[in-house]
Amino acid sequence: HPVVIRVMERLIEAWPRALHFEELMEHVGGNHRTAQCEILLATFAAGLVQLHMWRPVFSTVPGERPVASPLARLQAESGSALTTLRHTSVEAKGRLERKLITLLDGTRDLAALRLELGDEASQGQVEDNLLKTARLGLLL
C-alpha cells in the first residue's frame, strides 16, 4: 500500500529521532490522515514504532566536542547497560565503547579522543563508535 510505504520510509529516514504527527502527515500528503492513524496504531501494536507525548532531546550526530548524557557516562564506568535519552537500554559490551562514552564530556574533540584512546582503537573505530553512540540516542 503506497501510504504504508511512505509512512515507513519517513520513519526509517528519521530514526532514531521522533517525528511529530503533522510532520509525518506532510511527508505522506493528500487526504490520508485516517489511513496514517491506522498505520501508526498497527505498527505500534506490532512493536515496530513507539508513540510519545514528547519529543526526546538528543543529538543524532556527534558534534565537534561530543557530550554523552551524564547518566550514560556514569553507567559506562561501572557496567555495560546504558540508559539512552530515549528512555531505552542498550548494551555497551566492549571496553573501547564504554571508555569512549566516559570520555564524552564535551571537553575533547575527535583528535583528543583518538589520543586518549591511543592504541586501543584504530582511527576508524573512534568515528564509527561516535556515530553508533549518536544513533543510539546517547549524545546531548
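Rounded to the nearest 0.5 Å, atoms CG (Asp109) and CZ (Arg65) are 5.0 Å apart. For the atom pair OG (Ser80) and NZ (Lys93), the distance works out to 7.5 Å, reported to the nearest 0.5 Å. We find the CG-CD distance between Asn129 and Glu97 to be 4.5 Å, quoted to the nearest 0.5 Å. Expressed to the nearest 0.5 Å, how far CG of Leu85 lies from CG of Leu136 amounts to 11.0 Å. Distance check: Gln125 CD to Glu120 CD gives 10.0 Å after rounding to the nearest 0.5 Å. Going from atom NE2 of His20 over to atom CE of Met25 covers 12.5 Å, rounded to the nearest 0.5 Å.
The two atoms that bring Pro62 and Leu131 nearest to each other are CD-CD2, 3.8 Å, heavy atoms only. Closest heavy-atom contact between Ile101 and Arg73: O-CG, 3.2 Å. Closest non-hydrogen pair, Ala72 versus Leu82, comes out as O-CD2, 3.6 Å. The nearest pair of heavy atoms linking Ala134 to Pro16 is O-CG, 4.5 Å.
Arg6 contributes no side-chain N or O that, together with a main-chain N or O of His1, makes up a donor-acceptor pair within less than 3.5 Å. Checking side-chain atoms of Gln75 against main-chain N and O of Thr83 turns up a donor-acceptor pair under 3.5 Å.
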Inset, instruction - Would you check, one step at a time, whether the test side-chain contact (heavy atoms from CB on, under 4.5 Å) holds for Phe21 with Leu40? - result: CA-CA 10 Å; Phe21 181 80; Leu40 288 175; 3.7 Å; yes
Inset, instruction - Kindly indicate, with the supporting measurements, whether the criterion side-chain contact (heavy atoms from CB on, under 4.5 Å) is fulfilled by Arg10 and Val28. - result: CA-CA 8 Å; Arg10 182 65 182 116; Val28 174; over 6 Å; no
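With sequence neighbours excluded, no residue satisfies salt bridge (charged side-chain N to carboxylate O under 4.0 Å, His left out) with Arg98. With sequence neighbours left out, the side-chain contact (heavy atoms from CB on, under 4.5 Å) criterion links Glu26 to no other residue.
The shortest distance between side-chain heavy atoms of Arg17 and Glu23 falls below 4.5 Å. Side-chain contact check for Val7 versus Gln36: some heavy-atom pair is nearer than 4.5 Å.
Partner of Thr43 under the side-chain contact (heavy atoms from CB on, under 4.5 Å) criterion, out of Met8, Glu38, Gln50: Met8 alone.
Around the CD atom of Glu64, the shell of radius 6.0 Å holds no more than 12 heavy atoms that belong to other residues, nucleotides or ligands. Heavy atoms of other residues, nucleotides or ligands lying less than 6.0 angstrom from CZ of Phe44 number 12 at most. For NZ of Lys99, the number of neighbouring non-hydrogen atoms (other residues, nucleotides, ligands) closer than 6.0 Å is greater than 12.
Leu103 belongs to a hydrophobic cluster whose other members, connected by ILVMFWY side-chain contacts under 4.5 Å either directly or through intermediates, are Leu96, Leu100, Leu104, Leu110, Leu113, Leu117, Val126, Leu130, Leu139.
By the rule that hydrophobic residues join a cluster once side-chain heavy atoms approach within less than 4.5 Å of another member, Phe58 and Val61 end up as members of separate clusters. Both Val49 and Val3 are members of a single hydrophobic cluster when ILVMFWY side chains are connected at heavy-atom separations under 4.5 Å. Residues Ile12 and Ile39 are members of separate hydrophobic clusters, defined by side-chain heavy-atom contacts under 4.5 angstrom among Ile, Leu, Val, Met, Phe, Trp and Tyr.
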